[in-house]
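Any value given below was found using the heavy atoms of this structure, including those in side chains, with hydrogens, waters and symmetry copies removed.
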Amino acid sequence: MTARRVLMAEALIVGGLALTLLVREMPGIMREVRIWRMVALRHGSRRPR
């Protein structure tokens, strides 16, 4: 039972750290998504002349 509690505590700690990292990096991720969308729109079909 003790080993199970230790594993649960480790899983909670690792999950919390991963969530914290994701939240801290969210503005940068959103910026990258915007850049990818702009590049994809330019690279696609062009407007007719």
S.K.: For the CE atom on Met26, are there more than 12 heavy atoms of other groups (residues, nucleotides or ligands in this structure) within a distance under 6.0 Å?
M.R.: yes

S.K.: Given a cutoff of under 4.5 Å between side-chain heavy atoms of I, L, V, M, F, W and Y, with clusters grown through shared members, what are the other residues clustered with Ile13?
M.R.: Leu17

S.K.: Checking Glu25 now: which residues fulfil side-chain contact (heavy atoms from CB on, under 4.5 Å) with it, not counting sequence neighbours?
M.R.: Leu21, Ile29

